[in-house]
Amino acid sequence: MSAKQPNPKPATASEERELERQLEIMRDGAEELIGEPELRVRLLESVRGGDPLRVKFGVDPSAPDLHLGHTVVLGKLKRFQDLGHIPIFLIGDFTARIGDPSGRKKTRPALEPEDVQRNADTYLAQVGTILDVDRAEIRFNSEWMDPMTTSDFIRLCSNYTVARLLERDDFAKRYAAQEPIAVHEFLYPFAQSYDSVALRADVELGGTDQKFNLLLAREIQRAYGLRPQAVVTHTLLVGTDGSEKMSKSLGNAIGISEPPEDIYGKAMRVSDPLMLTYFDILSWGEWDDLAQARSAVAEGKGDPMALKHELAFRLVARCQGDEAAKAAREHFRSVVQRGEVPEELEEVSFSVGSEGSLGVLDILRELGFAKSNSEGRRLVTQGGVQVDAKVVGDPAARLSPGTYVVRAGKRRFARAILRK
RNA sequence: GGAGAGGUACCGAAGCGGUCAAACGGGGCAGACUGUAAAUCUGCUGGCUUAGCCUUCGGAGGUUCAAAUCCUCCCCUCUCCA
């Protein structure tokens, strides 16, 4: 395949309309669309009955639980799929073993192959809730990276310079801050770029933190005589803390497989400004009916809580269906807003043993409400523990056989059944 | 290969022979206030059978009545020179 383009016939008016329609959707919610001229040429071919676009989205299977942050780009991939293009869901099993430094302040640990495989399986199961996996191309990059020889790889790396690598934002920052950068981290972008060569990607989607890698892929594709892919970057979703990017390891993520009440509750707990951001990034062009409510809240009018409820509801519904969303909403209203005890509680049975009673600290620990007795003691002393709606102030308190509703903090509940 | 700086609790960072379970900030947890929002305020934040005891300051040894603090070796990181 040559990088040279045949001189295409100009687009007719209807082709032009279709082109614009598709480009509009591709740009929607995106931070940047790079390589639009090439994309137009390629898209026109597709509109005229040629092959659909090959749209790549690569994930690192190091964190197996998908959260809303992942769904931003995944949602875009779905929209490409809806336009009739081919979504390529690339699982970076090879690259995961390298460890992507993107957006990281620290070197990322490499994973064991078994972990990678297990994570990939979990991943795919979750992706299915958003994307029609049966009509998508699912690939693993070990397919072409494993057979690659060292000299192949060195040749690949010869297409770029150290100075330009160091310009990359996260490397530059770490270098300036005198923090370590391991050599293998430099290799990651090359491996990722080669994926685009192997897959003959026409478009690659990613977060803004991926911009460097995505752009490098264009250069590498050219070096291998291919047309450079277009690049569509998306703003990273900020985590529930409102400052760091959403990430499971930072504990600020809303996972799409979490219990519906948790997704709903976490969504309700974000700040109002953050809610608006979530709304914009996660609407995928589907929530136009709420546009008015959204702008009212943005102007300080309107009802922020009502909008937040709506957002929470739709997020749960998107991941887990309407029934789950309804239940989650009811749960939130009753437990959180009215302070009622949840209808369904986790039940844990205990045996009181020879003493005929059990200490609260032991119960808290067993329920997972406290990691240690000291932590439990703190919780109790600070008035954070209730048994049957009564505050337990004494860490030495003991419960005799019976059934109790144990509450820790505002929203952790369990039913403890003490037996002789 | 040479010279210098450094590795402290979840993170950042002070401490540099006893008064150190280790200042301060962030994060986390709990409480108050709320819309379980945010913001704010208060308290807690190694473990245990908790007025006491046990284990922590890169690792292993050593000096000392006493070490995060001093010595030796090792491991790791950064900078400059080659």
Side-chain angles (χ1 to χ4, degrees), chain A residues 104-107 109 166 171-185 238-254 261-279 293-294 296-298 300-313 315 328-342 353 355 357-362 364-365 367-387 390-398 406-413:
Chain A
R104 296 235 152 204
K105 291 167 191 150
K106 286 182 182 167
T107 306
L166 270 174
F171 287 144
K173 279 189 184 136
R174 279 163 61 183
Y175 194 66
Q178 305 188 350
E179 279 160 11
I181 302 170
V183 173
H184 74 275
E185 297 183 74
V238 175
T240 51
D241 58 2
S243 52
E244 302 285 338
K245 79 165 181 178
M246 187 173 281
S247 128
K248 195 187 171 198
S249 57
L250 292 173
N252 63 5
I254 303 180
E261 313 84 74
D262 289 354
I263 298 179
Y264 202 101
K266 284 183 180 182
M268 288 304 289
R269 252 174 276 127
V270 304
S271 74
D272 290 354
L274 188 60
M275 157 180 72
L276 297 178
T277 308
Y278 277 20
F279 184 88
R294 186 236 174 267
V297 171
K301 292 176 268 182
D303 184 348
M305 190 171 66
L307 182 61
K308 211 179 277 180
H309 266 292
E310 199 54 46
L311 175 73
F313 185 90
L315 288 176
R329 180 170 59 194
E330 196 33 57
H331 179 270
F332 186 86
R333 286 189 174 147
S334 109
V335 175
V336 175
Q337 297 189 298
R338 294 197 296 267
E340 296 166 358
V341 173
E355 298 179 59
S357 64
L358 205 53
V360 245
L361 298 186
D362 291 322
L364 289 174
R365 226 167 358 86
L367 293 172
F369 291 169
K371 285 196 279 296
S372 63
N373 280 359
S374 296
E375 193 175 304
R377 187 170 283 118
R378 253 175 254 139
L379 206 53
V380 171
T381 313
Q382 291 174 146
V385 175
Q386 291 181 12
V387 171
K390 279 201 277 293
V391 174
V392 181
D394 179 12
R398 303 185 71 82
V406 181
R407 177 178 185 177
K410 286 198 179 74
R411 57 192 129 83
R412 283 179 293 171
F413 291 90

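Naming: A, B, ... by sequence-line order, numbering from 1 per chain.
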inquiry  = Does A/Val270 reach a base, just sugar-phosphate, or nothing at all? Heavy atoms under 4.0 Å.
reply    = sugar-phosphate
message = Measuring only the C1' atom in each nucleotide, how far is B/rA67 from B/rC16? A whole number of Å is fine.
response = 10 Å
message = When both hydrogen-bonding distances must be under 3.5 Å and the geometry is Watson-Crick or G-U wobble, what is B/rG6 paired with, if anything?
response = B/rC76
request  = Let me know the distance between NZ of A/Lys410 and P of B/rG28, rounded to the nearest Å.
outcome  = 14 Å
ask   = Could you write nucleotides 74-82 of chain B as a row of B, S and -, 5' to 3', where a protein heavy atom under 4.0 Å of any base atom gives B, of only sugar-phosphate atoms gives S, and otherwise -?
value = ---SSS---
ask   = Is any side-chain nitrogen or oxygen of A/Gln337 closer than 4.0 Å to OP1 or OP2 of B/rG35?
value = no
message = Work out how far the C1' atom of B/rG59 is from that of B/rC76, and round it to whole angstrom.
response = 10 Å
Interatomic distance at P, B/rG4 relative to B/rC71, whole Å = 15 Å
key: P-based separation of B/rG15 from B/rG2 [nearest Å]   = 31 Å
query = Which residues satisfy the side-chain hydrogen bond (donor to acceptor under 3.5 Å, both in side chains) test with A/Lys410, sequence neighbours excluded?
reply = none
note = Scanning all shown strands, the Watson-Crick or wobble mate of B/rC20 with both distances under 3.5 Å is none
query = Nearest-Å distance, CD (A/Glu244) to P (B/rG27)?
reply = 10 Å
query = Within the structure shown, what part of the strands sits under 4.0 Å from A/Gly265 by heavy-atom distance: base, sugar-phosphate, or nothing?
reply = base
ask   = For atom P, what is the distance between B/rG47 and B/rU56, given to the nearest Å?
value = 15 Å
Of the listed nucleotides B/rU36, B/rA38, B/rA30, the one nearest the side chain of A/Leu379 = B/rA30
Please list each protein N or O that sits under 3.5 Å from an N or O in nucleotides 56-58 of chain B, with the distance.
none

ask   = Quick check: does any side chain N or O of A/Arg412 sit under 3.5 Å from a backbone N or O of A/Phe369, one acting as donor and the other as acceptor?
value = yes
ask   = When you compare B/rA51 with B/rU63, how far apart are their P atoms, in angstrom units rounded to a whole number?
value = 36 Å
task = May I ask you to test the A/Val270-A/Thr277 pair for a side-chain heavy-atom distance under 4.5 Å?
result = no
task = Take atom P in B/rA23 and the same atom in B/rC11, then report the distance between them in whole Å.
result = 16 Å
ask   = Quick one: A/Arg411 CZ to B/rG31 C1', roughly how many Å, whole number?
value = 14 Å
key: Contacts of type side-chain contact (heavy atoms from CB on, under 4.5 Å), residue A/Pro304, not counting sequence neighbours   = A/Asp272, A/Met275, A/Val297
inquiry  = Work out how far the P atom of B/rC74 is from that of B/rU50, and round it to whole angstrom.
reply    = 46 Å
query = Rounding to a whole Å, what distance do you find between A/Gln386:CD and B/rC29:C1'?
reply = 16 Å
note = With sugar-phosphate taken as primed atoms, P, OP1 and OP2 and all else as base, the protein-contact string of nucleotides 44-55 of chain B at under 4.0 Å (heavy atoms; B, S, -) is SS-SBSB-----
inquiry  = Partner lookup for B/rC41, please. Criteria are Watson-Crick or G-U wobble with both distances under 3.5 angstrom; report none if nothing qualifies.
reply    = B/rG31
Check: A/Ala182 main-chain N/O paired with A/Glu185 side-chain donor or acceptor under 3.5 Å = yes
query = For the side chain of A/Arg407 and the backbone of A/Gly409, is there at least one donor-acceptor N/O pair under 3.5 Å apart?
reply = yes
ask   = Mind checking who B/rU55 pairs with, Watson-Crick or G-U wobble, both distances under 3.5 Å?
value = none
inquiry  = Under 4.0 Å, heavy atoms only, any strand: does A/Arg412 hit a base, just the sugar-phosphate, or nothing?
reply    = sugar-phosphate
remark   = Those residues at least two apart in sequence (or on a different chain) that pass salt bridge (Lys or Arg N to Asp or Glu O under 4.0 Å) with A/Arg411 are none
task = Determine the contact category for A/Pro273: base if any of its heavy atoms lies under 4.0 Å from a base atom, sugar-phosphate if only primed atoms, P, OP1 or OP2 are that close, otherwise nothing.
result = nothing
task = Take the angle between the ring planes of A/Phe332 and A/Tyr264 and call it parallel below 30°, perpendicular above 60°, tilted in between.
result = tilted
